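First comes the structure, then the notes that go with it.
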Number of protein chains: 2
Amino acid sequence: MPLPQPDLPEPAHPNIDSMLSRKFGKEVANYFSGSPLNRVSFLRPDHAFLSAALKHPSATFLLFRNLEPLIKNPDGSALAYATYSEVQPIIGEDPFATSEEDLIKEFNSQKYIPQIIFLGLDERKEGIVYKEHYKGQPYFALDVTPKASVTEAAEKLIKDLEGRGLSFSKGRMNLSLQAQEAAIYAEARHLLDWNARNPYCAQCGYPTMSVNAGFKRTCPPKDLARELKKKNPERPPCATRTGISNLSFPRTDPTVIMAVVSADGQKMLLGRNKRFPPYWYSTLAGFLEPAESVEEAVRREVWEESGVHLGRVVIHSTQPWPYPANLMIGAIGQAIPGGEDVHLDHDAELEDAKWFTLDEIREALRVGTSGLGEGPGPEYKEGGLRLPPKTAIANQLISAVANGFVTGNPSL
Amino acid sequence: MPLPQPDLPEPAHPNIDSMLSRKFGKEVANYFSGSPLNRVSFLRPDHAFLSAALKHPSATFLLFRNLEPLIKNPDGSALAYATYSEVQPIIGEDPFATSEEDLIKEFNSQKYIPQIIFLGLDERKEGIVYKEHYKGQPYFALDVTPKASVTEAAEKLIKDLEGRGLSFSKGRMNLSLQAQEAAIYAEARHLLDWNARNPYCAQCGYPTMSVNAGFKRTCPPKDLARELKKKNPERPPCATRTGISNLSFPRTDPTVIMAVVSADGQKMLLGRNKRFPPYWYSTLAGFLEPAESVEEAVRREVWEESGVHLGRVVIHSTQPWPYPANLMIGAIGQAIPGGEDVHLDHDAELEDAKWFTLDEIREALRVGTSGLGEGPGPEYKEGGLRLPPKTAIANQLISAVANGFVTGNPSL
């Protein structure tokens with residue numbers, strides 16, 4: 001898989017400085033984390049709860065068309081939501097009226113069911129009260145892509161929404177949500193994408209079915225669609241049915257992203273690939289492999305990409321990255337003495353990798369940060385180093401080193 | 001998915017103290033990490049390399065039958081390996097003789113090909129020299145389960161091996177490998193299992209094919225087996241072919257496991273489930289969900305399982321866990337003042353969760369650690385707290401807190 005790259009634009013109102021205000025002491029919070037929702041994950045199989053939440057007057061629906069969210073403003077700085085009565089023509093009266101067990105018995109792979117996800121309860125708001133402990137405004141995500149049996153209803157809803165000045169985002173570079181909305185959007189996007197990518201069972205090849213309010217896919221033992229083809233509706237045995245299989249659960253791919261400092265702590269290694277604008281560099285990154293610790297993955301990736309040999313590695317903070325399903329694990333690694341020579345030919349992914357002094361880095365953090373598609377700030381001088389924006393964990397890692405993480409007085 | 005539980009026996013010769021000797025300064029290495037192999041991941045599509053490595057006299061093959069490794073001793077303390085000439089009747093002269101591109105064109109889903117994995121080069125040993133930089137003894141894993149066209153050859157090899165006193169392990173509780181072999185085994189097991197679980201494409205439902213020496217599965221556009229059924233060998237389009245899809249790459253599931261300390265830093269929260277022996281407790285743990293940071297997942301899991309509300313969370317170290325495909329991310333979290341009441345009914349996974357004083361914990365670390373299936377040490381007194389062994393990251397997290405991680409003078 002290609003390098004995960006933190007390449008979003010800087011949000012107009014990112015609200016990220018408050019996220020980074022060390023709410024939890026030592027901890028750094030990154031963009032796409034910080035969701036205000038309580039997921040109450042254990043309530044997902046509970047259709048009595050889901051049904052009550054769905055029909056509660058406070059219920060709110062984040063709509064997606066082809067994985068793009070509905071937004072309020074053409075600048076993509078705020079999400080728009082729909083109500084139950086607006087989405088009812090698409091989802092029907094109550095998709096949770098029947099128990100999950102019974103829905104599995106009635107599975108028909110030819111019947112289109114628009115994907116719905118229960119995202120959680122916003123406990124700051126008035127809303128449902130369930131079993132005393134679980135309170136707040138219910139959030140759902142819904143795929144309203146015009147398709148199969150819902151084509152007409154979805155097209156009508158979209159037309160109504162557009163008539164009110166709302167629209168669907170056009171690519172992630174056009175989204176610049178404030179942090180808490182970004183986290184809600186990330187949860188919805190990751191799960192809609194995972195469901196869309198997994199209509200079949202990787203173990204047996206037969207169609208799967210969404211359960212647990214979008215957080216699980218099951219491989220039903222029977223498919224009524226087979227009767228139409230004059231086949232026995234019973235399907236062959238599948239290992240995912242006889243034990244717990246990770247195939248039934250959403251996938252999240254751990255990636256490592258790392259600020260690399262020299263053995264003396266005075267320089268930092270950054271790299272660039274061809275699609276970066278001139279003078280733009282970032283931290284190295286890559287996917288963690290099977291049976292690697294994060295620390296080993298960091299050393300392997302840095303050596304494969306740059307030839308530099310690392311000694312110790314310390315994990316700094318993490319960032320969800322919903323394009324499509326990554327967990328970025330940010331680390332700081334230190335080169336071993338004599339291991340600093342750059343060699344780009346092992347795994348020719350990078351166009352360049354080189355060492356920068358901490359002074360160059362500090363100046364770039366001051367004047368040269370921006371999203372990939374944007375220009376640098378007014379004080380930037382052509383030829384100076386450019387770096388990713390604050391919404392990128394790369395920026396947080398680089399800043400941590402520039403602020404003394406390695407050489408005494410670390411701020412983490 | 002159920003809780004990942006660190007439940008291996010304590011190895012007879014774990015060699016783990018040397019792993020934990022802070023080779024890399026601040027860093028803690030956990031069991032299943034610390035592989036001596038350089039994976040040279042970028043050479044996996046290079047069949048000229050793989051072919052030379054396979055046939056090199058130094059090449060060594062770790063054999064598996066139904067995901068159980070070949071071992072030297074009945075106590076499971078050392079792996080056994082085979083040579084190229086021994087496995088040649090199973091894999092054929094050279095499975096890498098043809099380029100990957102050509103093998104994809106010849107794909108026939110009815111043809112059984114025993115799964116082979118290139119694990120890496122042991123650079124400490126004499127072996128192959130490839131393109132100047134890549135040197136060492138090549139390690140492969142091979143599935144020799146008697147099956148389809150290789151039944152006879154595999155049965156013969158297994159009989160020969162058993163005649164020499166070797167055998168296949170009988171369950172993970174019977175393995176107690178020293179740390180570096182455990183890491184090699186973990187890589188092999190994780191990848192063999194992933195390949196075995198993914199014979200079909202989750203995107204389109206058609207059979208997939210192993211490429212990149214076992215580190216990728218591709219969805220070929222053509223399947224010669226279809227001709228036997230008088231079908232066009234060309235298959236319908238699949239989205240995994242037109243872009244890079246994570247479905248093609250091995251899956252690793254991030255999990256969080258955490259030592260929870262009280263707001264005043266003087267107590268630790270531990271939990272137990274029904275299958276634990278009496279008085280045995282461990283850290284809480286669970287799967288990270290889509291679009292969560294590690295820190296958020298820790299807070300969510302602790303609240304869902306125990307009702308305790310956490311403030312700051314710091315990541316401590318990580319551990320690969322190949323049953324089947326986990327990355328355990330170890331963290332230390334601190335309860336907020338007033339958030340320490342235990343409530344077990346949100347997500348009824350635990351039988352009990354309670355607070356222990358650091359003195360109780362230190363005593364248990366001294367006399368009461370063991371694998372789940374083993375008895376505690378001789379000094380242990382019935383009724384005292386029992387804890388997981390050093391091979392478990394749970395033990396490392398508990399020890400870090402007991403040794404002052406939170407209350408001044410932290411050892412990390």
Side-chain angles (χ1 to χ4, degrees), chain A residues 1-2 24-27 29-30 32-33 35 39 41-42 133 183 186-187 190-191 194 197-207 244-247 249-254 287-296 300 304 311-315 317-320 322 324-325 327 329 346-347, chain B residues 1-2 24-27 29-30 32-33 35 39 41-42 133 183 186-187 190-191 194 197-207 244-247 249-254 287-296 300 304 311-315 317-320 322 324-325 327 329 346-347:
Chain A
M1 289 192 276
F24 294 121
K26 277 186 171 180
E27 184 183 321
N30 288 295
F32 286 132
S33 73
S35 172
R39 298 183 178 207
S41 71
F42 44 90
H133 296 292
E187 181 187 358
H190 186 143
L191 284 152
W194 173 72
R197 266 171 211 254
N198 290 273
Y200 295 93
C201 177
Q203 183 77 71
C204 73
Y206 285 85
I244 288 163
S245 171
N246 61 355
L247 297 177
F249 295 90
R251 172 174 174 151
T252 299
D253 296 309
F287 285 90
L288 178 122
E289 291 207 341
E292 276 185 327
S293 68
V294 168
E295 298 84 348
E296 289 177 301
R300 178 184 53 73
E304 290 186 352
R312 75 174 167 127
V313 172
V314 178
I315 300 173
S317 60
T318 62
Q319 177 177 43
L327 169 70
I329 304 174
H346 297 313
D347 190 11
Chain B
M1 289 194 275
F24 294 122
K26 276 186 172 180
E27 186 183 319
N30 289 295
F32 287 132
S33 73
S35 173
R39 299 184 177 205
S41 71
F42 44 90
H133 296 292
E187 182 187 359
H190 187 143
L191 285 152
W194 174 72
R197 265 171 213 254
N198 291 273
Y200 295 92
C201 177
Q203 184 79 71
C204 73
Y206 285 85
I244 289 165
S245 171
N246 61 355
L247 297 176
F249 296 91
R251 171 174 174 151
T252 299
D253 295 308
F287 285 90
L288 178 122
E289 292 207 341
E292 276 185 327
S293 68
V294 168
E295 298 84 347
E296 289 178 300
R300 178 185 52 74
E304 290 186 351
R312 75 174 168 128
V313 172
V314 178
I315 300 173
S317 60
T318 63
Q319 178 178 41
L327 168 70
I329 304 174
H346 297 313
D347 191 10

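No experiment lies behind these values; they were computed from the predicted model shown. Just so we're on the same page: letters track the sequence lines, and every chain starts at 1.
For the side chain to side chain donor-acceptor pair (under 3.5 Å) test, no residue two or more places apart in sequence or in another chain qualifies with B/Thr252. Judged as a side chain to side chain donor-acceptor pair (under 3.5 Å), and not counting sequence neighbours, the contacts of B/Glu304 are A/Ser41, B/Arg300.
Rounded to the nearest 0.5 Å, atoms CZ (B/Phe287) and CG (A/Asn246) are 7.5 Å apart. Rounded to the nearest 0.5 Å, atoms OH (A/Tyr200) and OH (B/Tyr200) are 13.5 Å apart. The CD1 atom of B/Ile329 sits 4.0 Å away from the CD1 atom of A/Ile329 when rounded to the nearest 0.5 Å. Atom OG1 of B/Thr318 and atom CD1 of A/Ile315 lie 5.0 Å apart (nearest 0.5 Å).
Residue contact with chain A, scored on non-hydrogen atoms closer than 4.5 Å, involves the side chain of B/Glu296 exclusively. For chain A, the nearby part of B/Pro324 is the side chain; its heavy atoms alone come within less than 4.5 Å. Heavy atoms of B/His133 lying under 4.5 Å from chain A belong exclusively to its side chain. Proximity to chain A involves both the backbone and the side chain of B/Pro199, based on heavy atoms less than 4.5 angstrom apart.
Interface remark: of the candidates B/Ala202, B/Cys201, B/Ser35, B/Ala202 forms the most heavy-atom pairs closer than 4.5 Å to chain A. Ranked by non-hydrogen atom pairs under 4.5 Å with chain A, the options B/Gly205, B/Pro207, B/Ala186 are led by B/Gly205. Contacts with chain B were tallied for A/Pro290, A/Pro320, A/Ser293; A/Pro290 has the most, counting heavy-atom pairs under 4.5 Å.
In terms of modelled atom types and a separation under 3.5 Å, the side chain of A/Arg39 and the main chain of B/Glu289 share no donor-acceptor contact. Between the side chain of B/Arg197 and the backbone N or O of A/Ser245, no donor-acceptor pair lies under 3.5 Å.
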